[in-house]
Amino acid sequence: MFSGLLIVLLPLFLGYLVRIRSTQLQNLINRAVNSSVYLILLFMGISLAGLENLSSQLSRLGGNALLLFSITTLFNLAALWWLSRRVRLSTGDSPVVKDAPTSKLAAMQGSLLLVGVVAVGVTLGLLLGPMVGETLFTTADWLAEWVLYILLALIGCQLRNSGMPLKQILLNRMGLAIAVTLAISSLLAGLAAAPLLSLSWNEGLAMASGFGWYSLSAILIGDQLGPLMGGVAFFNDLTRELLAFILIPLVIHRHTALAIGYGGATSMDFTLPVIQQHGGVACVPIAVVSGFILSLLSPPLILFFLSLSG
């Protein structure tokens, strides 16, 4: 049952064992991770094009993604609102992060680009499918799987060399509390959504374990449950990030924990400049620790829950 889990987790752990001190090499790994994500999402788009009755399948994908997103958001906001009421955080004025996005549209460009890559993959699949046949979709699935292994090793290396010592993570109680609250409420949402999505309980938990890390959740879910459910995971987690960009400026001064936590794993990277810009420098270490913990939890949780199907 756990053989598939071991095969996919092994590259992650091997990557985590590699300590890199060269800044140039770390930058190269960061670029390789980004390239791998784009490549796998392109393959996922090609695989989507191979589905029978594509138009109805895409309609189902959108409906399932909206359902999962709505339930997850309801659970997350309720839990984080409760945490915000229990623990008060202060925000303050501070300079804008260097190179921070100056508008919500600019902040969302990276997310929208990923959607564009999937759309390009679907288009390529529709154009090349009639000429190449099923070989195209089989090859796309095979390539996506091997690029996934490389990506996991690179992500493990990134986490090891992120400069976030374990002591700093454990001592930041607020970051830890936000991460645990977001994780538990997401998993409860996954359990609630599973029967509505015609999924088993463990598949529902896996779908809810992306915590906003849309590129990775789409890849892992798609590899195990097929491109349709991979697409559902992708759009569910992507929509979380897009809503976070809008939500953070509106609520961060009154419900700081909610604003920091809702972005999930993205609080340590994509939504961090917006958190700092509107919440002040005091929010930055909390957001980084929360996002880091969720990023660390997401891959093994997804793979563990999926392995229970075997």
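All values below were derived from every heavy atom in this structure, side-chain atoms included, with hydrogens, water molecules and symmetry-related copies excluded. The structure presented is a predicted model; accordingly, all values stated were derived computationally and were not measured.
F69 does not carry R240 over the face of its six-membered ring by the limits of under 6.0 Å from the centre and within 45° of the normal.
A donor-acceptor pair is defined here as one N or O able to donate and one able to accept, closer than 3.5 Å; such a pair exists between the side chain of S267 and the backbone of G264. Remark: side-chain polar atoms of E203 are paired, donor with acceptor, to backbone N or O of S200 under 3.5 angstrom. Listed for the S290 side chain is no donor-acceptor partner under 3.5 Å among the backbone atoms of A287. No donor-acceptor distance shorter than 3.5 angstrom exists from the side chain of D223 to the backbone of I219, with no hydrogens or angles considered. When atom types are taken as modelled, the side chain of E241 and the backbone of G212 share no donor-acceptor pair closer than 3.5 angstrom. Using modelled atom types, no side-chain atom of S186 and backbone atom of F211 make a donor-acceptor pair closer than 3.5 Å. Between the side chain of S36 and the main chain of A32, a donor-acceptor pair closer than 3.5 Å is present. Of the possible donor and acceptor atoms, one in the side chain of S298 sits under 3.5 Å from a partner among the backbone N and O of S209. No side-chain donor-acceptor contact under 3.5 Å links N202 to the backbone of L308.
Between F234 and A218, the closest heavy-atom pair is CB-CB, 3.4 Å. The shortest heavy-atom contact between L61 and F235 is CD2-CD1, 3.6 Å. Contact record, S217 with D237: OG-OD2, 2.7 Å, taken as the closest heavy-atom pair. For the pair A194 and G204, the tightest heavy-atom approach, listed with the atom from each and the gap, is CB-CA, 3.9 Å. Of all heavy-atom pairs between A192 and F75, the closest is CB-CZ, 4.0 Å.
Side-chain atoms of L136 and I46, non-hydrogen and from C-beta on, do get closer than 4.5 Å to each other. Counting heavy atoms from C-beta outward, L303 and L220 have side chains that approach closer than 4.5 Å. Looking only at side-chain heavy atoms (C-beta outward), P299 and W213 come within less than 4.5 Å of each other. Residues N27 and T23 form a side-chain contact, since some pair of their non-hydrogen atoms from C-beta on lies under 4.5 Å apart. Two residues are said to be in side-chain contact when any heavy atoms from C-beta on lie closer than 4.5 Å; T256 and C283 meet this criterion. Considering only heavy atoms from C-beta on, F292 stays 4.5 Å or farther from L297 through its side chain. Side-chain atoms of N236 and L66, non-hydrogen and from C-beta on, never get closer than 4.5 Å to each other.
Using modelled atom types and a 3.5 Å distance limit, the side chains of Y262 and T271 yield no donor-acceptor pair.
Rounding to the nearest 0.5 angstrom, the gap separating the CG atom in L294 from the CE atom in M268 is 10.0 Å. Atom CG of residue L247 and atom CG of residue L242 lie 12.5 Å apart, to the nearest 0.5 angstrom. Within the model, atoms SG of C157 and CG of L14 stand 11.0 Å from one another, a figure rounded to the nearest 0.5 Å. The distance from the CG atom of L243 to the CG atom of L238 is 11.5 Å, given to the nearest 0.5 Å. Interatomic distance, L301 CG to L205 CG, rounded to the nearest 0.5 Å: 9.0 Å. If you take CG on L80 and OG1 on T181, they are separated by 6.5 Å, rounding to the nearest 0.5 Å.
Both V18 and I29 are assigned to one and the same hydrophobic cluster, defined by single-linkage of ILVMFWY side chains at heavy-atom distances under 4.5 Å. Side-chain heavy atoms closer than 4.5 Å link hydrophobic residues (I, L, V, M, F, W, Y) into clusters, and following such links, possibly through other members, connects W81 to L250. Both I248 and I246 belong to a common hydrophobic cluster when Ile, Leu, Val, Met, Phe, Trp and Tyr are linked at side-chain heavy-atom distances under 4.5 angstrom. Under the 4.5 Å side-chain heavy-atom criterion for Ile, Leu, Val, Met, Phe, Trp and Tyr, V147 and W142 are members of the same hydrophobic cluster. Hydrophobic clustering, with ILVMFWY side chains joined whenever heavy atoms are under 4.5 angstrom apart, keeps L67 apart from L74.
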Show, in sequence, the C-alpha distance, side-chain angles and deciding distance for L196 and I71, and conclude whether the side chain to side chain contact (heavy atoms under 4.5 Å, CB included) test is met. CA-CA 10 Å; L196 300 176; I71 295 174; 3.7 Å; yes
Trace of the side chain to side chain contact (heavy atoms under 4.5 Å, CB included) decision for L306 with I221: CA-CA 8 Å; L306 289 176; I221 296 290; 4.2 Å; yes
Show your working on side chain to side chain contact (heavy atoms under 4.5 Å, CB included) between M229 and L199 and close with a plain yes or no. CA-CA 10 Å; M229 297 315 296; L199 297 174; 3.9 Å; yes
